[in-house]
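Have a look at the structure below before the remarks.
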Number of protein chains: 2
Amino acid sequence: MSDMSQNNQTRDKYHHGNLPDALIHEGAGLLADVGIEGFSLRKLAARAGVTVAAPAHHFGNTKGLLTAIATRAFMRLAAQMQDAALSAPSRHDAVVAMCLAYFKMRTTDPGYAAVMFRLDLIHASDEHFRQSAFQAFGLLEKSLAEAVPNATGTAEISTAAKALWATTQGLTTLPMIEHRETEQLLRHTISAHVDALR
Amino acid sequence: MSDMSQNNQTRDKYHHGNLPDALIHEGAGLLADVGIEGFSLRKLAARAGVTVAAPAHHFGNTKGLLTAIATRAFMRLAAQMQDAALSAPSRHDAVVAMCLAYFKMRTTDPGYAAVMFRLDLIHASDEHFRQSAFQAFGLLEKSLAEAVPNATGTAEISTAAKALWATTQGLTTLPMIEHRETEQLLRHTISAHVDALR
DNA sequence: ATCTTATCTTAACAACGTTTAGATTCTGAG
DNA sequence: CTCAGAATCTAAACGTTGTTAAGATAAGAT
């Protein structure tokens with residue numbers, strides 16, 4: 001039964017194969033099943049077929065584990081952002097598609113998306129986490145710059161990208177915003193920023 | 001010692017006076033001291049001078065208590081938004097001041113601000129909570145409408161207000177945004193939306 | 001083959017939220 | 001004023017949680 005969780009990289013090593021990767025994968029699965037509220041290290045350990053102390057050995061504590069999941073989440077987001085941008089008909093639509101990639105990820109990868117912006121649950125200063133988060137953000141920044149070639153400077157682009165990034169995340173946490181209108185709100189915001197830049 | 005927590009409304013009633021209000025007040029204080037991570041019902045009970053089961057009797061469970069704190073938080077925000085708008089030199093500045101009111105609240109009332117947008121920790125569908133949250137949002141919506149009298153319709157105003165609301169909240173949860181640049185980002189976003197509306 | 005290191009288990013700990021039963025205090029009808 | 005009923009709070013216990021220390025097991029190195 002434990003052979004199922006050894007699908008990546010070096011396998012059949014040590015006791016349970018590549019446990020860190022398995023814990024990240026199963027952790028995202030558990031988060032998808034029970035949400036961040038029902039999540040616990042013990043449930044995850046049982047799901048991965050190990051005891052409670054095993055995750056602690058690799059990730060230190062719960063925060064470390066969630067940080068690893070969030071780090072991988074941003075790696076996945078970056079990949080999906082690039083894919084989405086490639087199939088966009090215009091550079092303006094590429095910006096829209098990149099922001100929408102995060103929304104789609106909340107339904108396709110709910111476990112990973114659950115911890116991406118939970119700075120209180122993870123080690124927000126962790127080096128690897130910051131790198132992956134900034135890499136995804138950098139893609140949006142670059143895409144926005146390409147969509148507005150006549151912008152006055154890189155500082156304005158960066159400012160608009162940050163605001164856009166904040167809006168994208170903020171849209172998911174407000175009680176007065178229904179899910180079906182998020183895309184329209186996003187398009188509206190992007191257009192406003194793009195128009196302001198030129 | 002327990003007389004200090006009975007400062008509002010009906011006092012010296014029942015065993016500990018107005019315990020629900022005291023729990024909300026002390027709960028915000030505890031949140032300000034130890035953050036949402038260090039918060040616990042037992043610490044709060046000890047701080048309020050009661051046993052653990054007392055909060056449960058009034059608020060059902062932890063979520064109910066945090067919901068009450070979040071509800072009061074939005075009441076406070078609404079009041080501070082109105083104050084901020086009154087002393088703004090223009091209607092455009094009033095919109096800015098209203099959004100900044102939330103940022104200021106995160107330093108002046110950190111305990112209350114800690115749970116306002118934590119929909120996972122509270123009863124997001126609670127009637128009182130929704131009312132207070134929508135009331136604060138309505139103030140921003142109204143202020144934005146007054147700042148852009150030539151807007152085409154109320155739907156566009158509402159859309160922009162929601163996007164602005166989302167940006168304001170999102171700015172506080174992103175690792176790549178430093179605290180000192182939030183105001184600039186907010187002003188930039190508001191201008192972009194206002195310009196797009198006319 | 002043996003030593004060293006990394007990995008995982010076992011066991012125990014304090015702290016947590018919730019629940020039940022009972023004690024205490026307030027309220028209000030007679 | 002009295003006293004039954006209701007509201008409020010205490011006391012005690014339960015299962016679950018994250019973390020930790022010590023020991024067992026397996027892999028890698030010399």
Side-chain angles (χ1 to χ4, degrees), chain A residues 1-3 5-6 8-27 30-31 33-69 115 118 120-123, chain B residues 1-3 5-6 8-27 30-31 33-69 115 118 120-123:
Chain A
M1 59 180 75
S2 62
D3 297 339
S5 57
Q6 307 169 2
N8 280 341
Q9 303 177 359
T10 53
R11 65 177 62 186
D12 289 336
K13 293 167 49 179
Y14 303 125
H15 298 197
H16 279 80
N18 195 338
L19 185 57
D21 266 345
L23 286 174
I24 292 176
H25 181 72
E26 296 293 338
L30 179 59
L31 279 171
D33 287 347
V34 301
I36 188 66
E37 315 176 48
F39 180 88
S40 81
L41 260 192
R42 299 182 108 97
K43 292 179 187 170
L44 172 58
R47 188 180 174 126
V50 294
T51 52
V52 211
H57 178 257
H58 291 285
F59 299 100
N61 52 20
T62 305
K63 247 185 176 177
L65 172 61
L66 293 181
T67 302
I69 296 178
V115 292
R118 296 300 299 271
D120 54 328
L121 298 181
I122 69 179
H123 291 130
Chain B
M1 58 181 74
S2 62
D3 297 338
S5 57
Q6 306 168 3
N8 281 340
Q9 303 179 2
T10 53
R11 65 178 62 187
D12 289 337
K13 294 166 50 178
Y14 303 125
H15 299 195
H16 279 80
N18 195 337
L19 185 58
D21 265 346
L23 287 174
I24 293 176
H25 181 72
E26 296 293 338
L30 179 60
L31 280 170
D33 287 347
V34 301
I36 188 65
E37 316 175 49
F39 180 88
S40 83
L41 260 192
R42 299 181 108 97
K43 291 179 187 172
L44 172 58
R47 189 178 173 126
V50 294
T51 52
V52 209
H57 177 259
H58 290 284
F59 298 100
N61 53 20
T62 305
K63 248 184 178 178
L65 172 61
L66 293 180
T67 301
I69 296 179
V115 292
R118 294 301 298 271
D120 55 328
L121 298 181
I122 69 179
H123 290 131

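Residue numbers start from 1 in every chain, and the chains themselves are labelled A, B, ... in the order their sequence lines are given, proteins ahead of strands. In this text, all values refer to a predicted model and were calculated from it rather than measured experimentally.
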Extract all donor-acceptor atom pairs below 3.5 Å that involve side chains of residues 58-67 of chain B and protein atoms in other chains or at least two apart in sequence.
{"residue": "B:N61", "atom": "OD1", "partner": "B:K63", "partner atom": "N", "Å": "3.3"}
{"residue": "B:N61", "atom": "OD1", "partner": "B:G64", "partner atom": "N", "Å": "3.0"}
{"residue": "B:K63", "atom": "NZ", "partner": "A:E37", "partner atom": "OE1", "Å": "3.0"}
{"residue": "B:T67", "atom": "OG1", "partner": "B:K63", "partner atom": "O", "Å": "2.6"}
{"residue": "B:T67", "atom": "OG1", "partner": "B:H123", "partner atom": "N", "Å": "2.7"}

Would you give me the side-chain donor-acceptor pairs under 3.5 Å for residues 40-53 of chain A, sequence neighbours excluded?
{"residue": "A:S40", "atom": "OG", "partner": "A:K43", "partner atom": "N", "Å": "3.1"}
{"residue": "A:K43", "atom": "NZ", "partner": "A:G38", "partner atom": "O", "Å": "2.6"}
{"residue": "A:R47", "atom": "NE", "partner": "A:E26", "partner atom": "OE1", "Å": "2.8"}
{"residue": "A:R47", "atom": "NH1", "partner": "A:D33", "partner atom": "OD2", "Å": "2.8"}
{"residue": "A:R47", "atom": "NH2", "partner": "A:D33", "partner atom": "OD2", "Å": "3.4"}

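Straight-line distance from the CG atom of A:L23 to the C1' atom of C:dC8: 11 Å, rounded to whole Å. Taking atom NE2 on B:H58 and atom C1' on D:dT10, their separation rounds to 12 Å, with Å as the unit. Atoms CZ (B:F59) and C1' (D:dT8) sit 13 Å apart, rounded to a whole Å. A straight line from CG of A:L19 to P of D:dA27 spans 14 Å, rounded to a whole angstrom.
Taking the screw axis at each terminus of the helix from C:dA1-D:dT30 to C:dG30-D:dC1 from five consecutive base pairs, the angle between the two is 10° to within rounding of 10 degrees.
Between B:H57 and D:dT10, a side-chain N or O to OP1/OP2 separation shorter than 4.0 Å is absent.
Comparing C:dT9, D:dC9, C:dT7 against the side chain of A:A54 picks out C:dT9 as the nearest.
The structure places CZ of B:F39 at 10.0 Å from CG of B:L121, a figure rounded to the nearest 0.5 Å.
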key: Full working for side chain to side chain contact (heavy atoms under 4.5 Å, CB included) between A:R118 and B:D120   = CA-CA 11 Å; A:R118 296 300 299 271; B:D120 55 328; 2.8 Å; yes
task = Mark up nucleotides 11-19 of chain C, 5' to 3', with B wherever a protein heavy atom is under 4.0 angstrom from a base atom, S wherever such an atom reaches only the sugar-phosphate, and - elsewhere.
result = -B---BBBB
